[in-house]
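Written below as structure tokens is the structure these notes are about.
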Amino acid sequence: MSNFEMLLRGFSVVFTPANIGASILGAILGLIVGAMPGIGSLAGVALLLPLTYKFNPTTAIIMLGALYYSNMYGGSFSAILLNIPGDSPAVMTAVDGYPMAKKKKRPGQALFTANMASCIGGTIGMIILTFAGPALANIGLKFGPSEMTALLLVAMTSISWLVGENPIKGIVATAFGILLASMGMDTLSGSPRYDFGSMHLLGGIPFTPFVIGSVGFAQVINLMNERYVQTEMIDAKLSIRGSLPTKREFLRLIPPSIRSGILGTFVGVLPGAGATTGAFMGYAIQKNFKSDEPLGTGAVEGIAACEAANNAAAAGSFAPLLALGIPGSGTGAVLLGGLMLWGLNPGPLLFQNEPDFAWGLISSLFLSNAITLLIAIAVIPFLTKILAVPTKYMIPIITVVCVVGSYSTTYSMFGVLVMLLSGIVSYFIQKNNYSTAPMLLSFVLAPLLESNMRKAFIISGGSLKIFFTRPISLMFMLIFFTMLLIPLVRSIIGKKKEEKTA
Amino acid sequence: MTKFKVKNLIPLLFVVMGLVFAILGFTQLGFWSDVDGPKPGFFPSIIAIVMVFTGLIAFIQSFKEEDKAQYNAQEFLAMAGGLGIFAATFIIGLVPTIILYIILWLKLVEKASWKVILIVLAIACFITIGVFGIWLGIQFPKGIFEFIL
């Protein structure tokens, strides 16, 4: 069957009342979480993970997919109306979105432009995903343990390299996540290890409470500083009719949306890059093209370029996640962890063994895109009220969700303890410029890396040659070592420059 | 003399953790078997060694980097709130603890009005009892009352 036929089969899976309902619920929750400054898609997906336990795996992942995807839309709302991005991918949206809303007094048009560009960019990303996902899975089928080990090393290193200012801290955070994941049971023999005599640790550190704490509770602690930050809301009464762009504006947003949609998808496929990098690159590329108004002054092209890119990247990131089992970001890692909780193993065999699930999820993204666009337009009149909810009242509510969510997934207060401790540890490491994204990614990928690495060593009889004699693993190992060496070379060049200037 | 701060302590804790995992990995779990190949301690021990070395580099770097981290007493209040919920759940159960936490937090920390407290309480109860308790069917711990009842 062709990809298109499989996609249609996926739609037949999606079009059930439960899946459509889950998609709508995910879209609404994602928009709200995305619009609230300071929560973000990672914390949003983590906090809502326990809610999906009610559903079957397909419906649960459809809801999480819709939530993640609609988050990208929601992030632009506060960027445009408050000049505070709801999420990091919306940082660039504020550059043109806020001036358009404030100086030009056209907040509705700025929101509409962001929504339309998000939809166009996302659709492009999904069309590419439809064809690239299975193709990537076919390549993945050729991977043995050595290739998978090398690929996982690249994925883990690239996120430590790309996130944060200091790659050494990224590697430390990655190692920390791997060691935490190694507690409990040995992946191959099943014998207990690093349980420190605790009965609770025999099962390892539970994934959901760990994620809720690392991103959700840590965020609660950080929000304590933002309780009294005064924000200047755009003073305008918004209506759907009054937000419609002119025909000229509509025509202006299409070319940057298409360009950024294609670019963003490929950025999203790269491990570690994700929606934020996509948005920055989309905006940077747009600077090379003609705009009716200069970028940064409220140009439609500026809003469209970054919004289309971040939504396309969000769609594109599903390709390595589904086809190779490798998430491109912290949020992707949480989604992967969710898939594993339901017994699904993303990877090259997913499209063969679970076609209904894989294609159902891809089809659901198309559905979520359309639903999110409709809801995002429908909520425009209520946005000023939604965004006016003070952060200080959000803190106790998020704390309660963290506690109850952690308890509900483990049926034990041990889950709550794990959530609290991981939140406190994440708070301290974040304060000292260690990113939690590599920690989460490595926590999820560690069992896969370990089993592949050990299998590779069993095949080779303990020789490292296996990683350098096969062409695909050799290529990945070269990328891996290059990534390890780049920070070193950069620091040497930096020191030489400092010496010259001194 | 340079003052020892949290930014120096964190990489040092990573080094200690790496050492513990490496020692346990090599001595108790085993690294390599000539018959079976890698043993349970193989992978974590390698990662632990990487962590010790990178942790040491981060520790040295921490003395050179500017200390940007600022700690606010309010942040510790959020931690205390979470730990308070954990401790009180063992006595009065989870749902009463959450209600008590919301009231105390909003009244004492945020100095909120009773109207706001009731609204936030209604949202928290809807999530806890409505969504998790009724919809998801979660049985919450009842603390010492569980044993009395």
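The sequence lines fix the lettering, A, B, ..., with proteins before strands; numbering per chain opens at 1. In what follows, every heavy atom counts, from backbone to side chain, and hydrogens, waters and symmetry copies are set aside.
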Contacting moiety of A/M419, where chain B heavy atoms sit under 4.5 Å: neither
4.5 Å side-chain heavy-atom contact, A/F210 and A/M439: yes
Which atoms of A/M413 approach chain B - backbone, side chain, both or neither, heavy atom under 4.5 Å: both
B/F90 atom CZ, neighbour heavy-atom count above 12 within 6.0 Å: yes
Interface residue of largest heavy-atom contact number with chain B, from A/V401, A/V403, A/L51, under 4.5 Å: A/L51
Heavy-atom contact with chain B under 4.5 Å, split by part of A/Y407: side chain
Option that, when pairs with chain A are counted at under 4.5 Å, heavy atom only, ranks first among B/A124, B/G18, B/P38, B/A78: B/P38
A/P209 side chain near A/T409 side chain, heavy-atom distance below 4.5 Å: yes
Top contributor to chain B contacts, counting heavy-atom pairs under 4.5 Å, from A/I458, A/L421, A/I178: A/I178
B/K107 atom NZ, neighbour heavy-atom count above 12 within 6.0 Å: yes
Side chain, backbone, both or neither of B/W32 within contact of chain A (heavy atoms, under 4.5 Å): side chain
Straight-line distance of A/T157 OG1 to A/F480 CZ, nearest 0.5 Å: 4.5 Å
Engaged part of B/F21 at the chain A interface, taking heavy atoms whose separation is under 4.5 Å: both
A/L417, part contacting chain B, at a heavy-atom distance under 4.5 Å: both
Chain A contacts, top residue of B/L83, B/V116, B/T97 (heavy-atom pairs, under 4.5 Å): B/V116
Side chains of B/L29 and B/K39 in contact at under 4.5 Å (non-hydrogen atoms): no
Contact winner vs chain A - B/A58, B/G37, B/P44, heavy-atom pairs under 4.5 Å: B/P44
Region of B/F53 that comes under 4.5 Å of a non-hydrogen atom in chain A: neither
Non-hydrogen side-chain atoms of B/W114 and B/I103 separated by less than 4.5 Å: yes
Minimum side-chain heavy-atom gap A/F217-A/S426 below 4.5 Å: no
Residue part contacting chain A, namely of B/L106, when any heavy atom lies under 4.5 Å: side chain
Contact class of B/D34 relative to chain A, heavy atoms under 4.5 angstrom: neither
Those residues that, when tested against A/Y411, pass ring-ring contact (aromatic ring centres under 6.0 Å, His included) (two or more places apart): none
Which of B/W105, B/F42, B/F132 touches chain A most, by non-hydrogen pairs under 4.5 Å: B/F132
Proximal component of B/F14, with respect to chain A [non-hydrogen, under 4.5 Å]: side chain
Separation of A/T149 OG1 from A/K455 NZ (nearest 0.5 Å): 9.5 Å
Contacting region of B/Q61 [heavy-atom separation from chain A under 4.5 Å]: side chain
Which portion of A/S191 sits near chain B, non-hydrogen atoms under 4.5 angstrom: side chain
Nearest-0.5 Å distance, CZ of residue A/F55 to CG of residue B/L136: 8.5 Å
Residue part contacting chain B, namely of A/P50, when any heavy atom lies under 4.5 Å: both
Heavy-atom pairs under 4.5 Å with chain B, option from A/L420, A/V220, A/V416 with the top count: A/L420
Rounded distance [0.5 Å steps], OG in A/S442 versus CG in A/L152: 11.5 Å
Side-chain heavy-atom pair A/T59, A/T52 within 4.5 angstrom cut-off: no
Selection from A/Y427, A/Y434, A/F457 maximising heavy-atom pairs under 4.5 Å formed with chain B: A/Y427
